[in-house]
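Indexing begins at 1, ligand by ligand and atom by atom, following the structure's order.
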Amino acid sequence: MNNLVTISTHDDIAVITIDNPPVNALSPGVPEGILAAIDQVNESPALRAAVVIGAGRTFVAGADIKEFGKMTSGSRSRGSLLPLLLRIEDSKKPVVMAIHGTAFGGGLELAMAGHYRVAAPTAQVGQPEVKLGIIPGAGGTQRLPRLVGVAKAVEMCANGNPISAREAAALGLIDQLIEGNLAAEAVTFARGVASQPARKTRERTEKLGSAAECAPIFAAARDLAHKKQRGLMAPLAAIDAVEAATRLSFEEGCEAEARLFTECLFSDQSKALIHVFFSEREVGKIPDIPKETPAIPVNRVAVVGSGTMGGGIAMVFANAGIPVMLKDVDQEALDLGLGKIKKNYASSVQRGRFTQAYVDERLQLIKPVLSYDAFSDVDMVVEAVFEGMALKKTVFAELDRACRSGTILATNTSTLNIDEIAGATSRPESVIGTHFFSPANVMRLLEIVRGKASSKAVIASCLQLSKKLGKIGVLVGNCRGFVGNRMFGPYRREAQFLVEEGAEVQAVDEALVEFGNAMGPLATGDLAGLDVGWRIRKEYRYLEKPGIRQPIAEDRLCELGRFGQKTLKGWYRYDESRRASVDPEVGALVRKWSADAGIPQRQITASEIVDRCIYALVNEGARILEEGYALRAADIDIIYLNGYGFPPYRGGPMWHVDTVGLRKVYQRICELHEQHGELWAPAPLLKQLAEAGKTFADYDKQQLAAA
Ligand code: 3H9
């Protein structure tokens with residue numbers, strides 16, 4: 001044993017405690033410590049059985065993910081866990097795994113190597129490895145189907161979602177649920193089974209089924225993976241590994257699992273997804289706002305504006321159990337807004353996402369109001385009125401009058417200057433941006449926009465609140481478009497340029513969907529409404545530098561009333577159920593506009609489409625980073641993964657170009673600069689990193705060290 005694993009005796013039963021905070025990961029020393037303790041139990045005549053339990057908040061949440069980066073293809077780290085688990089399973093005296101919190105990944109694999117499993121009813125178990133781009137690597141794909149059957153094992157290994165201890169008990173994965181004191185009752189359980197022969201999971205076959213019975217299960221699982229996890233290799237590898245359990249012996253199945261595990265572990269996909277895992281946890285760490293910063297409790301909220309965004313934001317608060325007032329200017333607007341909320345909830349009930357009782361409770365929490373009178377006791381207001389500076393200033397002046405001091409005054413603007421909005425109040429320190437993404441009740445991203453005067457308490461509160469709301473909050477600076485939309489501008493600009501230079505509309509979208517994005521840039525424009533950008537462009541036209549090329553097609557489409565899905569015409573044509581089809585009229589119009597503007601037409605490849613759109617995005621990202629509007633390249637990645645449908649297995653745009661190689665990307669941007677002029681001037685930070693042979697990840701590390 002060692003300081004990570006300790007043993008105590010309770011008469012004839014040993015309790016082996018794993019104590020490796022925060023989540024008892026199987027870091028080096030932990031599996032060895034457990035095994036040494038089991039050996040001790042087997043050697044002691046006085047001990048009849050062992051209980052393995054986790055100290056603190058959880059059982060074992062998995063292998064230590066931090067160790068993965070250190071593994072090389074010759075590394076034995078992976079190889080060491082499987083034989084250790086075999087030796088635990090070979091213990092002559094029964095081993096009872098006592099689970100609370102989570103038994104995930106290697107944690108569940110450890111639990112399955114025990115002879116019995118007991119669990120607190122609140123515990124969760126799962127094989128989430130696919131979310132990290134890998135598969136279970138210590139026999140999980142072989143033992144799980146033996147305990148829960150093939151269909152459930154395939155599902156759990158391929159989608160990575162955990163199941164509750166109750167479900168696990170019903171499936172036979174957990175032998176007993178323990179409502180009271182887990183350790184004490186696990187000892188009693190162990191005493192009860194001490195004299196029975198220990199049954200090895202690996203020797204069980206009764207739930208495996210025949211190859212013919214299992215074939216349709218694997219076919220359906222592969223189909224689902226192709227649809228729901230497009231582009232990801234790990235889910236398919238996980239299915240292959242479980243299939244091996246049904247065709248091969250346990251030992252051969254483990255060898256097949258090992259091959260697939262290694263392939264996945266050394267893939268770019270797994271590196272990217274592990275980067276995402278750690279970045280999601282880093283994003284809330286702000287150097288000048290320590291964890292202890294006192295936050296303002298947010299228990300009562302008001303939302304101003306009951307349009308699509310306001311209504312969605314009200315639902316977000318209601319879904320988190322926070323009472324919310326929804327304000328609009330007149331009854332008609334309010335009725336319309338509430339009607340949309342109810343329709344939205346009704347469709348969730350229909351799809352089985354929520355029960356009617358849950359929805360009724362949520363609706364009780366949303367109180368429609370017409371005046372600011374009741375705002376005096378709210379902790380936070382989120383303004384979500386139309387995007388226009390004058391209107392926003394009027395609203396904030398009203399809020400300044402109506403709200404007590406200390407209330408967080410947040411704006412959901414996606415483009416306007418937070419400091420100017422804050423200037424309409426006597427308390428700019430209370431003002432902040434909370435940029436929700438549409439549909440607000442679905443999208444996970446929340447850009448928290450720090451104004452010049454936003455207080456640390458207000459920022460800390462919004463970061464904490466984002467978790468409570470089930471969002472991932474990313475702190476960004478106050479520049480035009482903030483981080484996400486500022487980068488999206490050049491990305492969509494290039495998509496339009498490409499069409500104006502001769503690419504087909506659907507060829508542009510298809511190239512980016514093939515790259516892995518959830519949607520193409522032109523179809524996204526149609527979904528969001530082309531008129532939104534058109535109005536903003538008209539407002540900011542005075543900022544455009546003369547002589548710099550601007551896209552023409554989208555403004556012209558808007559002039560023709562083609563605003564996208566809402567008018568059933570935009571880049572595409574839509575039927576009443578909003579199914580898109582190619583509109584030849586658009587192709588002809590763009591060709592005419594391009595000819596009038598003297599834009600030469602040519603054949604454009606899918607690879608040029610991807611380079612131009614993605615590198616325009618990244619070049620702007622590099623500027624944002626250098627200017628300090630994003631704290632880390634990883635923050636930009638999290639924004640794009642959670643707000644813009646960037647493929648997770650590419651790790652986000654900045655991680656993606658690190659993987660391609662910054663030198664190569666920089667050279668390509670230089671070429672595009674030569675071909676297309678000033679808009680493609682390489683960002684100085686990109687140039688500097690490329691020339692130094694560094695990556696954006698190196699830049700993040702350097703910034704962290706300096707903070
Ligand atoms: C695996 O097991 C492969 C096997 O088949 C074996 C192959 C040989 N390792 O999320 P939180 C850190 S793959 C290292 O904020 P929560 C995390 O970074 C693994 N560190 O807390 C954070 O650090 P910090 C399969 C880990 O309460 C801190 O713990 N397992 C690990 O919201 C708190 O985390 C998984 O994929 C780890 N495994 O959620 C489970 N896990 O404070 C991954 C966490 O410095 N983990 N950390 O930022 C989770 O899903 C969640 O962390 C969990 C707790 C639900 C456990």
Which ligand 1 atoms are under 4.0 Å away from a heavy-atom of [X]?
| X | result |
| --- | --- |
| D64 | 9 (N), 14 (C) |
| E109 | 4 (C), 5 (O), 6 (C) |
| G106 | 1 (C), 2 (O), 4 (C) |
| G137 | 5 (O), 7 (C) |
| G105 | 2 (O), 25 (C) |
| K66 | 20 (N) |
| E129 | 1 (C), 2 (O), 3 (C), 4 (C), 5 (O), 13 (S) |
| F277 | 18 (O), 41 (N), 43 (C), 44 (C), 46 (N) |

If hydrogens are left out, which of [options] has an atom nearest to [atom], that is, the closest non-hydrogen atom?
| atom | options | result |
| --- | --- | --- |
| atom 40 (C) of ligand 1 | G62, A61, A25 | A61 |
| atom 13 (S) of ligand 1 | F68, F104, F278, F59 | F68 |
| atom 24 (P) of ligand 1 | K285, E67, E282, R281 | K285 |

Worked check of side chain to side chain contact (heavy atoms under 4.5 Å, CB included) between H435 and V483: CA-CA 11 Å; H435 179 206; V483 171; over 6 Å; no

Test of ring centre spacing under 6.0 Å for F437 and Y644: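 Aromatic pair counts; centres sit under 6.0 Å.
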
Quick check: [X] and ligand 1, any N/O pair under 3.5 Å apart?
| X | value |
| --- | --- |
| T102 | no |
| L81 | no |
| P22 | no |

Under a 3.5 Å threshold, yes or no: a donor from one side chain and an acceptor from the other, between [X] and [Y]?
| X | Y | answer |
| --- | --- | --- |
| N42 | S91 | yes |
| N24 | T58 | no |
| E252 | S249 | yes |
| E257 | T141 | yes |
| K131 | N161 | yes |

Taking heavy atoms and a distance under 4.0 Å, where does [X] meet ligand 1: side chain, backbone, both or neither?
| X | value |
| --- | --- |
| L132 | side chain |
| V23 | side chain |
| R57 | side chain |
| K131 | neither |

R632 to V283 - nearest heavy-atom pair and separation: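 Residues R632 and V283, closest heavy atoms: NH2-O, 3.2 Å.
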
P128 heavy atom under 4.0 Å from ligand 1: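 So P128 counts as touching ligand 1.
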
Mutual orientation of the aromatic rings belonging to F261 and F68 [parallel < 30°, tilted 30-60°, perpendicular > 60°]: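 Perpendicular.
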
Worked check of ring pair (Phe, Tyr, Trp, His ring centres under 6.0 Å) between Y116 and F189: CA-CA 9 Å; Y116 300 93; F189 180 94; 5.6 Å; yes

NZ or CZ of R362 within 45° of Y358 ring axis and under 6.0 Å: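 Because its charged atom sits under 6.0 Å from the ring centre and within 45° of the axis, R362 does stack over Y358.
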
Audit row: R146, K207, side chain to side chain contact (heavy atoms under 4.5 Å, CB included) steps and yes/no: CA-CA 6 Å; R146 286 172 160 81; K207 290 193 178 174; over 6 Å; no

